[in-house]
Number of protein chains: 2
Amino acid sequence: MKNLSIGALATRTGVKIPTIRYYESIGLLPEAPRTDSNRRLYDDAMVKRLRFIRHARDLGFEVEAIRQLLTLTDDPGQSCHEADALAQAHLADIESKIVRLQALQEEVREMVAQCGQGQVRTCHVIEVLADHAHCLHETH
Amino acid sequence: MKNLSIGALATRTGVKIPTIRYYESIGLLPEAPRTDSNRRLYDDAMVKRLRFIRHARDLGFEVEAIRQLLTLTDDPGQSCHEADALAQAHLADIESKIVRLQALQEEVREMVAQCGQGQVRTCHVIEVLADHAHCLHETH
DNA sequence: CTTGATCCTCCAGTCACTGGAGAATGTACG
DNA sequence: CGTACATTCTCCAGTGACTGGAGGATCAAG
């Protein structure tokens, strides 16, 4: 699909209009071409890019990390050295997030199971998520 | 360990001192007891609670969600009805995050593998993460 | 051609921190 | 015991990532 308005882009991605303009202003999205009357135009490629940004933000990645990931995809001929190091760092980060989410999931499930027996009794979500063993690459 | 200073708590959890005070100010941490000279005192329970908060924030949960999760654990006798609904909602959210992280992981891995052959060639991180099928419970 | 929806820019507000100023307190060494 | 350096205190201003309102232009339908 070509020539989407900013509103159409917003409904297709779940990203609010002011946020889309904000992403453009900080360079996460390229400057959109405009109509004669100065309105922004988007296409399917932008829908995909914006959905990617939205998911990554929702998963706790900050804008700078997303910018790096996007550079990786925007610049297919770039040197492998930098790209690889960057990708490895992000992989470690992703792995750590998955492990901690799974621990959290397990604990909430257990809590719900106990709940089925009448009351939320002993909950140790905190103990599990606080476990330092789940911090794979962090320095604290 | 008892009677930790705010600095000791900060180094044990990786959370900065002003952030700890901020969490107290918004009620995520209880008001810490003070020494005669007005300095905050913490114990191991607070180390665990704070590590939990840090991980959850890092995983993209917002403060309100964390507050709810903490209420679940703080209040073991609470009614099951509310707690269960709340926990189910958080479980769906966690599941969705895991799925999207795994898709991202897969794609970055593939990108790195291609990288081993010389260059970052065709990268479709965006396509995968942008896939609407990965949005399990969201309305967009 | 009017009416309502959508868009524009600009700018102020919110959430979740982050850090500096200035003052008080603690700790360590000569 | 004093003095020097570290740590803490409160208050307040700044940052990152949005979020939303004001005021005005433009578009699409009837």
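Here is the naming used below: chain letters follow the sequence lines, and residue numbers restart at 1 for every chain.
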Are [X] and [Y] close enough for a salt bridge, meaning some N to O gap below 4.0 Å?
X     : Y     : answer
B:E24 : B:R40 : yes
B:D44 : B:K2  : no
A:E64 : A:R67 : yes

Can you find a side chain N or O atom of [X] that sits less than 4.0 Å from OP1 or OP2 on [N]?
X     : N      : answer
A:K16 : D:dG20 : yes
A:R54 : D:dA17 : no
B:R40 : D:dC9  : yes
A:T19 : D:dT19 : yes
B:R21 : D:dC9  : yes
B:R34 : D:dT10 : yes
B:Y22 : C:dT18 : no
A:S37 : D:dC27 : yes

Other residues, nucleotides, ligands: >12 heavy atoms within 6.0 Å of B:E62 CD: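 No, the 6.0 Å shell around CD holds no more than 12 heavy atoms from other groups.
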In whole Å, what is the span from the [atom1] atom of [X] to the [atom2] atom of [N]?
X     : N      : atom1 : atom2 : result
B:I17 : C:dG20 : CD1   : C1'   : 14 Å
B:L41 : D:dT8  : CG    : C1'   : 12 Å
A:I20 : C:dC7  : CD1   : C1'   : 12 Å
B:N38 : C:dA23 : CG    : P     : 17 Å
A:D58 : D:dC18 : CG    : C1'   : 14 Å
A:I6  : C:dC8  : CD1   : P     : 5 Å
A:I53 : D:dC18 : CD1   : C1'   : 14 Å
B:E62 : D:dT19 : CD    : C1'   : 13 Å

May I ask you to establish whether B:K16 and B:Y22 are in a cation-pi arrangement, using a distance under 6.0 Å from NZ or CZ to the six-membered ring centre and at most 45° from the ring axis?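 The answer is no; the distance or angle limit is not met.
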With the side chain of B:S5 defined as its heavy atoms from C-beta on, choose the nearest nucleotide among D:dT8, C:dT18, C:dA16.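 So the nucleotide nearest the side chain must be D:dT8.
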Please figure out whether B:R39 or B:E64 has its closest DNA chain C nucleotide nearer the 5' end.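 Of the two residues, B:E64 wins.
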Within the structure shown, what part of the strands sits under 4.0 Å from B:I26 by heavy-atom distance: base, sugar-phosphate, or nothing?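 Counting heavy atoms under 4.0 Å across all strands, no contact is made by B:I26.
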Using a 4.0 Å heavy-atom cut-off, does A:T35 contact any base of the nucleic acid, only the sugar-phosphate backbone, or nothing at all?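 Contact class for A:T35: none.
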